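The structure under discussion appears below in the form of structure tokens.
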Amino acid sequence: MEVSNQSSVTEFVLLGLSAHPKLEKTFSVLILLTYLVILLGNGVLILVTVSDSCLHTPMYFFIGNLSFLDICYTTSSVPLVLDGFLTPRKTISFSGCAVQMFLSFAIGATECVLLGMMAFDHYVAICNPLRYPVVMSKAAYVPMAASSWVAGGANSLVQISLAVQLPFCGDNVVNHFICEILAVLKLACADISINVISMGVANVIFLGVPVLFIFVSYIFILTTILKIPSAEGRKKAFSTCSAHVTVVIIFYGTILSMYGKPKSKDSLGDVKTAVRSLVAQKCLTQ
């Protein structure tokens with residue numbers, strides 16, 4: 001590849017819905033309202049779980065962590081999206097883009113690990129209730145949550161470190177609303193094989209392993225619930241797991257909706273992809 005006469009990129013242009021300006025104001029209102037609801041709902045949930053001593057349990061501790069992650073994720077992306085929709089400036093600095101990618105990657109990986117840990121919490125509570133106070137003591141579940149944050153941050157640091165070392169020259173238009181790492185990597189004027197392999201390994205560890213762990217855990221949970229003689233006991237056990245199952249379905253369904261479908265090349269297809277990406281981001285944080 002001829003690299004002479006190419007200048008280093010110092011900022012990126014976020015394309016977003018530039019081709020459909022009439023949709024920008026409509027989406028900005030919807031996203032702002034959703035953002036405020038997310039901040040209020042998760043903020044109240046965190047406040048209640050912290051202030052009420054009856055809720056100082058592993059389950060609500062993990063839920064509080066997920067709520068905080070939701071606030072962090074939306075705060076790291078929604079203001080950037082709104083700024084692109086409501087102002088003529090569509091650019092973000094290289095360093096700002098790197099920070100935004102780091103936060104998104106770290107939060108996503110942390111949430112994956114936390115969802116797996118919540119499945120383990122439910123497994124112990126339903127399948128081994130007598131051992132639950134010992135297995136899921138505060139000395140156990142606090143380090144579990146902390147390790148998920150450390151693992152997510154370490155993974156993100158590796159991925160973003162590899163990304164920012166790439167040379168970016170020439171085209172600096174990111175076909176997304178935020179600095180989404182795959183969209184940014186497409187602009188690199190160098191081989192990204194190492195990045196792709198590294199992200200593939202990370203996906204196996206932070207997506208595949210937790211999904212497998214959750215699946216196996218719920219096989220044991222379902223088997224145990226079906227052995228409960230009373231209908232009321234089965235109903236209570238199912239209700240205990242319903243919130244976690246819902247979050248898992250929304251979280252992984254969002255990822256599939258964003259990355260599992262081929263992108264259309266026509267204008268209408270671009271709009272549908274834009275709508276799907278925005279809806280996915282909002283579903284992820286609810």
Side-chain angles (χ1 to χ4, degrees), residues 42 45 49 55-70 73 105-152 154-156 199-261 279-280 283-286:
N42 286 309
L45 182 58
T49 55
L55 300 180
H56 292 176
T57 63
M59 181 180 71
Y60 284 102
F61 182 75
F62 289 139
I63 290 175
N65 274 261
L66 288 176
S67 295
F68 185 69
L69 282 169
D70 289 344
Y73 181 83
F105 232 101
I107 292 168
T110 302
E111 187 157 356
C112 287
V113 179
L114 274 176
L115 290 174
M117 292 181 176
M118 290 181 70
F120 177 74
D121 174 65
H122 291 336
Y123 164 76
V124 178
I126 294 174
C127 300
N128 296 283
L130 296 180
R131 297 185 58 195
Y132 184 79
V134 177
V135 176
M136 295 302 297
S137 64
K138 188 174 183 180
Y141 69 77
V142 172
M144 287 170 64
S147 64
S148 69
W149 285 83
V150 172
N155 172 59
S156 182
M199 290 177 63
V201 172
N203 286 338
V204 171
I205 296 174
F206 289 93
L207 288 176
V209 173
V211 166
L212 180 61
F213 186 80
I214 292 169
F215 179 74
V216 173
S217 297
Y218 272 98
I219 289 178
F220 286 107
I221 290 172
L222 183 60
T223 302
T224 302
I225 291 176
L226 294 178
K227 292 179 181 178
I228 298 176
S230 67
E232 186 64 27
R234 290 194 297 271
K235 181 179 179 181
K236 184 178 180 180
F238 277 123
S239 64
T240 301
C241 303
S242 60
H244 179 249
V245 172
T246 301
V247 172
V248 169
I249 292 173
I250 291 177
F251 182 77
Y252 287 102
T254 296
I255 294 174
L256 288 175
S257 70
M258 293 180 69
Y259 300 108
K261 295 181 180 181
V279 172
C283 288
L284 180 59
T285 55
Q286 290 182 19

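Position 1 is the first residue of the sequence; numbering continues from there. Treat the numbers as computed from the prediction; the structure is a model and nothing was measured.
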Checklist entry - After noting the C-alpha distance and the side-chain angles of Phe120 and Met144, does the key distance pass the side chain to side chain contact (heavy atoms under 4.5 Å, CB included) rule? => result CA-CA 11 Å; Phe120 177 74; Met144 287 170 64; 4.1 Å; yes
Checklist entry - Counting distance only, does the side-chain N/O of Thr223 pair as donor-acceptor with the main-chain N or O of Ile219 below 3.5 Å? => result yes
Checklist entry - When rounded to the nearest 0.5 angstrom, what is the spacing between CG in Leu114 and CG in Asn65? => result 5.5 Å
Item to check | Polar side-chain atom of Asn128 near backbone of Val124 as donor-acceptor pair, under 3.5 Å | outcome: no
Next on the checklist: Ser217: which residues meet the side chain to side chain donor-acceptor pair (under 3.5 Å) condition with it, sequence neighbours left out?
Outcome noted: none
Checklist entry - At their closest point, which heavy atom of Phe213 faces which heavy atom of Gly116, and how far apart are they? => result CE2-O, 3.3 Å
Checklist entry - Between Ile214 and Ala119, what is the shortest heavy-atom contact and its length? => result CG1-CB, 3.8 Å
Item to check | His56 versus Thr49, closest heavy-atom pair with distance | outcome: CD2-O, 3.1 Å
Checklist outcome for this item: Here the pair of heavy atoms bringing Thr110 nearest to Ala106 is OG1-O, 2.7 Å
Item to check | All pairs passing side-chain hydrogen bond (donor to acceptor under 3.5 Å, both in side chains) where residues 113-124 contributes a residue, at least two apart | outcome: Asp121-Tyr132
Item to check | Which atom of Phe206 lies closest to which atom of Ala109, heavy atoms considered | outcome: CD2-CB, 3.7 Å
Item to check | Any residue meeting ring pair (Phe, Tyr, Trp, His ring centres under 6.0 Å) with Phe68, in chain and number order, not counting sequence neighbours | outcome: Trp149
With a cut-off of 3.5 Å and sequence neighbours excluded, list every side-chain donor-acceptor pair involving residues 134-143.
none

Checklist entry - In Å, rounded to the nearest 0.5 Å, how long is the span from CG of Leu222 to OG1 of Thr224? => result 8.5 Å
Item to check | Sequence-distant partners of Val216, side chain to side chain contact (heavy atoms under 4.5 Å, CB included), two or more places apart | outcome: Leu212, Phe220
Item to check | Residue pair Ala125 / Pro129: nearest heavy atoms and the distance that separates them | outcome: O-CB, 3.5 Å
Checklist outcome for this item: Here the gap from Ile205 atom CD1 to Asn155 atom CG, rounded to the nearest 0.5 Å, amounts to 7.5 Å
N/O donor-acceptor pairs under 3.5 Å from side chains in residues 234-250, not counting sequence neighbours:
unit_1, atom_1, unit_2, atom_2, d
Arg234, NH1, Ile228, O, 2.7
Arg234, NH1, Pro229, O, 3.2
Ser239, OG, Lys235, O, 3.3
Ser239, OG, Lys236, O, 2.7
Thr240, OG1, Lys236, O, 2.9
Ser242, OG, Ser239, O, 2.9
His244, ND1, Tyr218, OH, 2.7
His244, NE2, Leu115, O, 2.8
Thr246, OG1, Ser242, O, 2.8

